[in-house]
Number of protein chains: 2
Amino acid sequence: MKISTHIAKFTKPLYLESGRILEPWQIIYETYGELNEDKSNVILITHALSGSHHAAGFYEGDRKPGWWDALIGDGKAIDTTKYFVIATNVIGSCFGSTGPMSPIYPGSNERYRLKFPVITIKDMVKAQKILLDSLGIKNLLAVVGGSMGGMQALRLAVDYPGFAKYVIPIATTYQTKPYVIAINKAMMEAVRADSEFKNGNYDPDIIKEKGLKGLAAARMIGYLNYISPATFEKKFGREYVKTDGMFELFGRFQVESYLEYNGANFPKWFDPLSYIYLLKAISLFDISRGFNSLDDAFSQIKDNLYLISFSGDTLFFPQEMRDIKKYMDKVGGKCQYYEIDSDYGHDSFLVEVDKFDFLISDILKGELDARF
Amino acid sequence: MKISTHIAKFTKPLYLESGRILEPWQIIYETYGELNEDKSNVILITHALSGSHHAAGFYEGDRKPGWWDALIGDGKAIDTTKYFVIATNVIGSCFGSTGPMSPIYPGSNERYRLKFPVITIKDMVKAQKILLDSLGIKNLLAVVGGSMGGMQALRLAVDYPGFAKYVIPIATTYQTKPYVIAINKAMMEAVRADSEFKNGNYDPDIIKEKGLKGLAAARMIGYLNYISPATFEKKFGREYVKTDGMFELFGRFQVESYLEYNGANFPKWFDPLSYIYLLKAISLFDISRGFNSLDDAFSQIKDNLYLISFSGDTLFFPQEMRDIKKYMDKVGGKCQYYEIDSDYGHDSFLVEVDKFDFLISDILKGELDARF
């Protein structure tokens, strides 16, 4: 599989939903496979909160591949011998696309930080569309993404009707519910409670080296809904760390040690301000914003919409995706809904790829179209 | 209803499960109603994480009554014209019983802080039992408590078989599951992430005045499971605070404003170290500790065990209380299980008293005993 990483730089302003402008701006992206002659084999991959443009394959020296490597590759469901796959890093994130830690203007030592504009899912998709236009890509075979990536897929279907043939939102929602807004809030406040965050004026190098306890705690809060209570039970039970005292105040159950480890590592590879900005984007997500109603929004969709949810998802509940199906049926759109039986939890879309990859493979081959 | 508040001081050492000793120690408690002549009308109320001995009635000048006022009072389900009700503040808490902010020895300016011993549910119950002994109370008509209070009720039934006639644990578990341990961990780490916590060496007066962002964030995490996703939806929807900008980074949805308000207030009335110690006690709770098996633990229970759970509880799931019923049936104990149909969430035991108070009233009158 051929992997290429690129940065596309744009000098034309990016007009954001907030009324603010990003100018200049850039987007980092990765491609897998080869673009065919008529540019009809393009699949866009959209990532989740902590994801990046590195969706598949190995970087030299890395032990771990990209985050959706189980799905994307030669001979895999998203077969890179047939398809040309593009994965971008969303604006607002911290892996090379324009975000809160970018310089305010080229060459400046001053970073945006809290002056960075609030980014929405709509803005992320708009930036991706401009990138695709610049590459001369007039149509997508498919857009596929889970969680925040699923929001982008859905947004793309509504904002650019007919642009993608297949739209595949996974483990996501059409409108972030107050429960998830509350989770996001608790995470934001955990970061802000840490005085080392310095109200956004931290030194990123120091954070990467020394960590940031508030961001670590935020990451722990995230895990509470990434896996289900049943998975917590199966993975950890009530095992205690062997070398910790049961009656030491900070002695740890295995589950606590797991959270500590993942929490402490997170600030080494993810930026606190990007985290807050992306949480805000998720909280703001509502497919009906800009329309009179949800019906109006869903009636925009001309693409074939394939929804995949997981029965044990405790972050974006299957009911929310069943609701999308209902709206689509109501407005006469083309939509199929698949609910994967699993008690793993929200992260199923990342770790249980074998439970739904065959579906994606069939969708991309057009084998499920007959069901419309 | 007659309310009296007392502090009982003990000079005899309290031997803790950890092997540590508290000496001297004290317990603050409140009573409602009148003790009858043969001391046969005593009901012990056990409180949850942030609860106190002030379970019912109004203090002079207060707008809000005690936390279970809907249940306890003249003519109410726990009828103070008939019963003598005792509510204690658990050791480790911060309302007057010995806790981490108590002086290390009488008259000392030095507080325990992190030198305070880890307290378990068993220790809390032991302290209550010593108090009751000191009052010459040889038997309880009932012990009633929700959440952490339910753990105490269950523990009392196991550790002091035959002491209570009716044991009524509500919205609780027999063994804290790793999901809840994980929630507790995230809360602890949010507190510790705040440098104003000063690793436990904070000035309590300053915290009360200025708050503690880490503890506020922890309280927000708590709310994520005190009410259910459905209740978040009903209470808040996606309403935005009128005067906040949609595209301001810290502009707030109503649900965020609600969490902020309750989070910010919490440190004014609850101590951060007590919070951590009580979370630890909850995480450590396992009714089988000290026994060979859960069967062994449950076979100790000689009292009439009445379990009440709520279908929409997402902290201590009804399945956990159904499991208690199974164990009790297996070992031939006297146990009845009631599941209240409600999607409100864990806090049902506090705010939906009208859905189960008639049950408690009937239990106390002995009217449900015939079902054994």
Side-chain angles (χ1 to χ4, degrees), chain A residues 16-20 114 116-118 120 175-186 188-190 192-196 212-214 216-218 220-221 223-224 228-229 232-233 235-238 246-256 259-260 263 276-277 280 283-284 286 314 317, chain B residues 16-20 114 116-118 120 175-183 185-186 188-190 192-196 212-214 216-218 220-221 223-224 228-229 232-233 235-238 246-256 258-260 263 276-277 280 283-284 286 314 317:
Chain A
L16 302 172
E17 204 179 351
S18 64
R20 290 272 307 270
L114 290 177
F116 194 70
V118 162
T120 65
Q175 193 179 57
T176 301
K177 300 296 178 191
Y179 174 56
V180 172
I181 296 172
I183 295 171
N184 292 350
K185 176 68 172 176
M188 286 182 193
E189 294 304 318
R192 295 173 79 191
D194 189 337
S195 59
E196 295 304 313
L212 185 69
K213 286 179 187 170
M220 293 184 201
I221 299 169
Y223 271 97
L224 302 176
S228 68
F232 273 106
E233 182 68 31
K235 266 176 109 101
F236 306 106
R238 284 181 50 88
M246 173 75 79
F247 299 111
E248 285 168 26
L249 184 60
F250 297 117
R252 292 160 303 168
F253 286 89
Q254 285 291 358
V255 62
E256 295 179 287
L259 290 177
E260 256 185 26
I276 290 177
Y277 272 89
K280 181 72 179 178
S283 290
L284 282 178
D286 179 352
T314 58
F317 293 91
Chain B
L16 303 171
E17 204 179 351
S18 65
R20 291 272 307 270
L114 290 178
F116 195 69
V118 162
T120 65
Q175 190 179 60
T176 301
K177 300 297 178 188
Y179 174 57
V180 173
I181 297 172
I183 295 170
K185 175 69 172 177
M188 285 182 193
E189 294 304 318
R192 296 172 80 191
D194 189 336
S195 58
E196 295 305 312
L212 187 68
K213 286 179 186 170
M220 293 185 202
I221 299 169
Y223 270 97
L224 302 176
S228 68
F232 273 106
E233 182 69 30
K235 264 176 111 99
F236 306 107
R238 284 182 50 87
M246 173 75 79
F247 300 112
E248 284 167 25
L249 185 59
F250 298 117
R252 294 160 303 167
F253 287 88
Q254 286 290 0
V255 63
E256 295 179 287
Y258 172 84
L259 291 177
E260 255 183 29
I276 290 177
Y277 273 90
K280 181 72 180 179
S283 290
L284 283 178
D286 179 352
T314 58
F317 293 91

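Proteins come first, then strands; the chains are lettered A, B, ... in the order of their sequence lines, and each starts at number 1. Everything numeric here is computed off the predicted structure, so don't read it as measured data.
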### Task
Would you mind checking which part of B:Thr314 comes under 4.5 Å of any heavy atom in chain A, side chain (CB onward), backbone (N, CA, C, O), both or neither?
neither
### Query
Of all of B:Val118, B:Asp194, B:Leu249, which one pairs up most often with chain A through heavy atoms under 4.5 Å apart?
B:Leu249
#### Entry: B:Met246 side, atom CE; A:Asp286 side, atom CG - distance, nearest 0.5 Å
8.0 Å
### Query
Distance from A:Glu256 atom CD to B:Glu189 atom CD, nearest 0.5 Å?
8.5 Å
### Message
Tell me which of these, A:Ser283, A:Gly214, A:Ala216, A:Ala218, has more heavy-atom pairs under 4.5 Å with chain B than the rest.
### Response
A:Ser283
### Summary
Of the listed A:Lys177, A:Glu233, A:Lys213, the one with the largest count of heavy-atom pairs under 4.5 Å with chain B is A:Glu233
### Query
How many angstroms lie between atom CD1 of A:Ile183 and atom CD1 of A:Ile221, to the nearest 0.5 angstrom?
9.5 Å
## Note on the structure
Scored by heavy-atom pairs under 4.5 Å with chain A, the best of B:Ile276, B:Ile181, B:Thr120, B:Leu212 is B:Ile181
### Task
Pick whichever of B:Lys280, B:Met220, B:Arg238, B:Arg20 has the most heavy-atom pairs under 4.5 Å with chain A.
B:Arg238
### Query
With chain A, which of B:Gly19, B:Ala182, B:Ser195, B:Gly251 has the greatest number of heavy-atom pairs at distances under 4.5 Å?
B:Ala182
#### Entry: Winner by heavy-atom pair count (cut-off under 4.5 Å) against chain B, out of A:Gln175, A:Glu196, A:Lys235, A:Gln254
A:Gln175
### Task
Let me know if B:Leu114 has heavy atoms under 4.5 Å from chain A in its side chain, its backbone, both or neither.
side chain
### Summary
dist B:Lys185:NZ -> A:Leu224:CG (nearest 0.5 Å) comes out at 12.5 Å
### Task
Determine the option with the most heavy-atom pairs under 4.5 angstrom with chain B, choosing from A:Phe247, A:Phe232, A:Phe253.
A:Phe247
### Summary
CE (B:Met188) and CD (A:Glu260) are apart, to the nearest 0.5 Å, by 10.5 Å
### Message
Counting heavy-atom pairs closer than 4.5 Å to chain A, which one of B:Ala190, B:Pro117, B:Gly237 comes out on top?
### Response
B:Gly237
### Region of B:Ser228 in contact with chain A, defined by heavy-atom distances below 4.5 Å
neither
### Message
Let's test your reading of the structure: which of A:Phe236, A:Phe317, A:Tyr223, A:Tyr277 forms the most heavy-atom pairs below 4.5 Å with chain B?
### Response
A:Tyr277
